[in-house]
Novice: 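This is the structure I have questions about; it appears just below.
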Amino acid sequence: MALSLALAACGTLRDRQRAPLLRATGGLNPMVDVQPRTPVAVPMVRDPNHTVPIVRARLNRGETFPLVLDTGGNHTMIGRRRADSSNVEIMGPHGQITTAFGNQKETRLGIVGELSMGRLALRGMPVLVHDFGKSSLSPALGGELNVMGTPALAAFSNVTFDYQRNQVIFDYAGQFVAPPRERSLRLPLT
């Protein structure tokens with residue numbers, strides 16, 4: 001079954017971002033540039049312990065790591081160890097946030113020069129750099145949670161989670177077209 005998030009309606013999200021999101025990212029755009037601007041298929045990581053979509057990503061051309069695509073995440077969050085090893089530029093002051101796992105640690109705003117997933121490159125993306133500490137997360141996540149949240153996903157006109165083919169298709173400017181003779185569900189994200 002293919003699941004697509006039709007994000008064209010998210011222009012309203014970009015235009016009317018919620019106050020907490022603006023405070024956390026300083027009102028920065030979800031990214032400066034996306035290349036290519038054509039549809040790009042990114043393989044999902046298979047993990048029987050998780051039902052969330054996970055892909056392999058790379059920060060600033062460093063080593064690949066698992067990245068959770070979280071359609072309900074308010075922010076793109078990168079673990080401190082990953083950010084340090086990938087030379088993420090840290091900006092300004094810091095604060096504390098509580099993650100979904102109840103973890104309260106120091107969090108800083110960072111700017112990623114380039115986050116790539118296969119052929120797809122997202123440039124100039126603001127991220128929250130969070131110290132998750134030691135974790136017993138699934139081996140597919142590498143012990144540290146790294147999440148791409150709604151602001152980055154909303155920069156695309158549509159994102160298709162194709163579980164049958166085990167891939168995520170990012171389309172920056174095109175229209176969502178349901179796959180022929182296949183069951184698919186379109187969810188507008190507003």
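Predicted, not measured: the structure shown is a model, and the values here were computed from it.
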Novice: Mind checking the NE2-CD spacing from H130 to E144? Nearest 0.5 Å is all I need.
Specialist: 10.0 Å
Novice: What is the distance from atom CD1 of I169 to atom CG of L120, rounded to the nearest 0.5 Å?
Specialist: 12.0 Å
Novice: Quick test of your reading of the model: are R81 and D84 salt-bridged, counting only N-O distances below 4.0 Å?
Specialist: no
Novice: If you compare all heavy atoms of P30 against all heavy atoms of P151, which two are closest, and at what distance to 0.1 Å?
Specialist: CB-O, 3.1 Å
Novice: Drop me the distance from N146's CG to L67's CG, to the nearest 0.5 angstrom.
Specialist: 6.5 Å
Novice: Is there side-chain contact between F156 and D171, with at least one heavy-atom pair below 4.5 Å?
Specialist: no
Novice: Determine the minimum heavy-atom distance between A155 and Y172, stating which atoms define it.
Specialist: O-CE1, 3.3 Å
Novice: Can you give me the closest heavy-atom contact between A152 and M31, atom names plus distance?
Specialist: O-CE, 3.5 Å
Novice: I'd like to know if R58 and E63 make a salt bridge, using a cut-off of under 4.0 Å between side-chain N and carboxylate O.
Specialist: no
Novice: Okay, side chain of N60, backbone of L115: is any donor-acceptor separation there less than 3.5 Å?
Specialist: no
Novice: Kindly check if the number of other-residue, nucleotide or ligand heavy atoms within 6.0 Å of CZ (R37) is above 12?
Specialist: yes
Novice: When clusters are formed by joining ILVMFWY residues with side-chain heavy atoms under 4.5 Å apart, either directly or through shared neighbours, do V88 and V32 land in the same one?
Specialist: no
Novice: Check step by step if side-chain contact (heavy atoms from CB on, under 4.5 Å) holds for D70 and V52.
Specialist: CA-CA 8 Å; D70 185 358; V52 298; over 6 Å; no
Novice: Of the non-hydrogen atoms in P36 and R119, which two are nearest, and what is the gap between them?
Specialist: CD-O, 3.4 Å
Novice: Check whether any side-chain heavy atom of R108 sits under 4.5 Å from a side-chain heavy atom of M91, and report yes or no.
Specialist: no
Novice: Any side-chain heavy atom of F176 within less than 4.5 Å of one from S157?
Specialist: no
Novice: To the nearest 0.5 angstrom, please state how far the CD1 atom of I111 sits from the CD1 atom of I90.
Specialist: 9.5 Å
Novice: Please report the interatomic distance CE(M125) to CG(L59), rounded to the nearest 0.5 Å.
Specialist: 8.5 Å
Novice: Give, for atom CZ of F161 and atom CD of Q167, the distance between the pair rounded to the nearest 0.5 Å.
Specialist: 12.0 Å
Novice: Which residue, V112, L128, V127, forms the side-chain contact (heavy atoms from CB on, under 4.5 Å) with T76?
Specialist: V127
Novice: Do N87 and E89 come close enough that some side-chain heavy atom pair is under 4.5 Å?
Specialist: no
Novice: Does the side chain of L145 come within less than 4.5 Å of V68's, by heavy atoms?
Specialist: yes
Novice: Using a 3.5 Å distance criterion without hydrogens, assess whether the side chain of S85 forms a donor-acceptor pair with backbone atoms of R82.
Specialist: yes
Novice: So, for M117 and V55, which heavy atoms are closest and what is the spacing to 0.1 Å?
Specialist: SD-CG2, 3.7 Å
Novice: Would you call M44 and I54 a side-chain contact if the rule is heavy atoms closer than 4.5 Å?
Specialist: no
Novice: Taking the side chain as every heavy atom from C-beta outward, state whether P66 and R56 have any atom pair closer than 4.5 Å.
Specialist: yes
Novice: Could you check whether any side-chain heavy atom of V34 comes within less than 4.5 Å of a side-chain heavy atom of R123, counting everything from C-beta outward?
Specialist: no
